[in-house]
Participant: 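Below: one structure in structure tokens.
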Amino acid sequence: TKKGPATKKPEQPKQAQPPKERSETTTPESSKENKLPSLFSHLTVYPDASEVFDTGAVLQARDSKTLHPAAVQLGYHYSTGMIRGGNARCRAMLDCYQKMIQDSPDREAIDHNCKASFQFWTTKCRPHSVGMGNAFTFVKTAVASFDRDLKIDEIKTMLAETISAYQRERIQFADLAIAENANQKLWDGDVVLTYGNSEAVSAVLQQAAVSKKLKVIIADSPPLWEGRELLEILKDTSIDCCYVELPAVTFVLTDVTKVLLGAAALQTDGSVTGRIGTALVALAADSKHVPVIVCAETYKISNRGVAL
């Protein structure tokens, strides 16, 4: 007997299932992160200063009532951008530590205040720079290295001298040494291109103005226009200055003999981290076979590499 064609059973309409309940709650900060493009998903979104601080008669941090007033004040300056630049931020942090150390009743309080304030700055205000991280590690190690039999007054005095020596040797003297070494690579008649404003580059150019005749082209970009600060510094020297915006770099490079750039960090693989636009200037100079000199203090050396 032959079997007839198989008949299909009529499909039963699928019943709509209720949506599954999610246990996760969406916070304002997580919703902001979800709106970020994938290219910037690794960046931390920091809240506005008005959400972190109460700016009444007395400046206070809303979620950290036990912080030292100097730490709260500095965190507000970080959050609002009143203090910018790697060296300036690190100096301000060390000065704040000096105040907290003098107001701490014992060694445990010093250690707690230093760690709590650093965590507050980096989680609520803005990311710390490599130099700030190295300086914090230095202070933390110094606090832990003192003998427990020392009196608190002796610890405060020694810490104050240690932190002052760190600022003097690793930042102030370092810029003078950079200026002396970099000036050996500059010649009379050089046309130097720099980008933005760097304390190390500024020190190099101010020292070069004493004995050399240079022309400096300052490239700049929004929104901070930091190159204008360098222009204000150099206009009182004998250096002939020219100010251009970043898109004009490829045009002015035809006359440039050397490029001086600052850096926020030096990585162990030889790469350099700088402000946005630094790579563009360096690559443009490389395409024109113009030598690039990077000026940075050793306390900005990082033990990490850059993942590309």
Side-chain angles (χ1 to χ4, degrees), residues 39-40 43 81-89 126-127 129-131 171 174-175 178-179 181-267 270-297 300 306 308:
L39 179 63
F40 306 108
L43 299 176
M82 297 175 65
I83 299 179
R84 296 185 183 274
N87 288 351
R89 291 170 61 199
R126 65 170 295 182
S129 64
V130 170
I171 302 178
D175 285 344
I178 290 171
N181 290 320
N183 268 282
Q184 299 176 8
K185 304 181 183 298
L186 299 178
W187 306 94
D188 280 327
D190 269 340
V191 180
V192 179
L193 171 67
T194 187
Y195 174 60
N197 183 26
S198 166
E199 288 189 9
V201 172
S202 177
V204 172
L205 295 176
Q206 289 183 75
Q207 182 170 327
V210 177
S211 58
K212 297 181 177 68
K213 186 172 180 59
L214 303 176
K215 178 180 179 180
V216 175
I217 302 175
I218 303 172
D220 207 1
S221 64
L224 300 179
W225 303 108
E226 294 175 308
R228 296 176 183 177
E229 300 176 11
L230 180 60
L231 184 63
E232 287 291 326
I233 295 172
L234 296 182
K235 74 176 185 179
D236 296 328
T237 66
S238 61
I239 295 177
D240 184 15
C241 296
C242 176
Y243 181 85
V244 299
E245 294 189 13
L246 187 60
V249 163
T250 54
F251 175 75
V252 299
L253 270 173
T254 55
D255 299 324
V256 171
T257 57
K258 292 181 179 70
V259 175
L260 285 179
L261 296 175
L266 305 175
Q267 313 295 341
S271 57
V272 175
T273 302
R275 59 173 51 82
I276 295 175
T278 302
L280 188 151
V281 176
L283 290 173
D286 181 67
S287 67
K288 299 291 185 179
H289 306 288
V290 178
V292 178
I293 303 171
V294 177
C295 305
E297 300 82 0
K300 294 180 180 179
V306 177
L308 300 177

Participant: Do Leu261 and Arg275 come within less than 4.5 Å of each other through their side chains, counting heavy atoms only?
Facilitator: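 Result no, sub-4.5 Å side-chain heavy-atom pair not found.
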
Participant: Between Asp220 and Tyr195, does any side-chain donor sit less than 3.5 Å from a side-chain acceptor?
Facilitator: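 No - no donor-acceptor pair under 3.5 Å links their side chains.
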
Participant: For residues Leu205 and Ile233, determine if any side-chain heavy atom of one lies less than 4.5 Å from a side-chain heavy atom of the other.
Facilitator: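 No, side chains not in contact.
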
Participant: Heavy-atom distance under 4.5 Å between the side chains of Val259 and Val192, does that happen here?
Facilitator: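 Of all side-chain heavy-atom pairs linking Val192 with Val259, none is under 4.5 Å.
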
Participant: Does any non-hydrogen side-chain atom of Val204 lie less than 4.5 Å from one of Leu260?
Facilitator: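 Answer yes - side chains close enough.
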
Participant: Set out, in order, the CA-CA distance, both residues' side-chain angles and the distance that settles salt bridge (Lys or Arg N to Asp or Glu O under 4.0 Å) for Lys212 and Asp188, then state yes or no.
Facilitator: CA-CA 5 Å; Lys212 297 181 177 68; Asp188 280 327; over 6 Å; no

Participant: Is there a side-chain contact between Val256 and Ile217 in this structure, where contact means two heavy atoms from C-beta onward sitting under 4.5 Å apart?
Facilitator: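 Yes, at least one pair of side-chain atoms sits under 4.5 Å.
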
Participant: Can we say Arg84 and Glu226 salt-bridge, meaning some charged N sits less than 4.0 Å from an Asp/Glu carboxylate O?
Facilitator: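 Salt bridge: no.
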
Participant: Distance-only, no hydrogens or angles: does the Lys300 side chain make a donor-acceptor pair with backbone N or O of Ala263 under 3.5 Å?
Facilitator: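 Pair found, side chain donor or acceptor close to backbone of Ala263.
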
Participant: Taking the side chain as everything from C-beta on, heavy atoms only, tell me whether Val216 gets closer than 4.5 Å to Thr194.
Facilitator: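 They are in contact (side-chain heavy atoms under 4.5 Å apart), so the answer is yes.
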
Participant: Is there a side-chain contact between Val249 and Pro247 (heavy atoms, below 4.5 Å)?
Facilitator: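 No, every pair of side-chain atoms sits at 4.5 Å or beyond.
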
Participant: For Ala203 and Ala179, work out which heavy atoms get closest and say how close.
Facilitator: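 Result for this residue pair: O-CB, 3.6 Å.
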
Participant: Any side-chain donor paired with an acceptor under 3.5 Å for Gln206 and Thr237?
Facilitator: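 Checked: Gln206/Thr237 side chains show no N/O donor-acceptor pair below 3.5 Å.
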
Participant: Salt-bridge test for Asp190 and Lys258: reply yes if a basic N is under 4.0 Å from a carboxylate O, no otherwise.
Facilitator: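 So Asp190 pairs with Lys258 through a salt bridge.
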
Participant: So, do Asp240 and Leu214 sit near enough that their side-chain heavy atoms are less than 4.5 Å apart?
Facilitator: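 The answer is no, as the side chains (C-beta and beyond) never meet within the 4.5 Å cut-off.
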
Participant: If you round to the nearest 0.5 Å, how far is CD1 of Ile218 from CH2 of Trp225?
Facilitator: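 The CH2 atom of Trp225 sits 13.0 Å away from the CD1 atom of Ile218.
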
Participant: Supply the atom-to-atom distance Ser271 OG to Leu266 CG, rounded to the nearest 0.5 angstrom.
Facilitator: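 Spacing of OG (Ser271) from CG (Leu266) equals 8.5 Å.
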
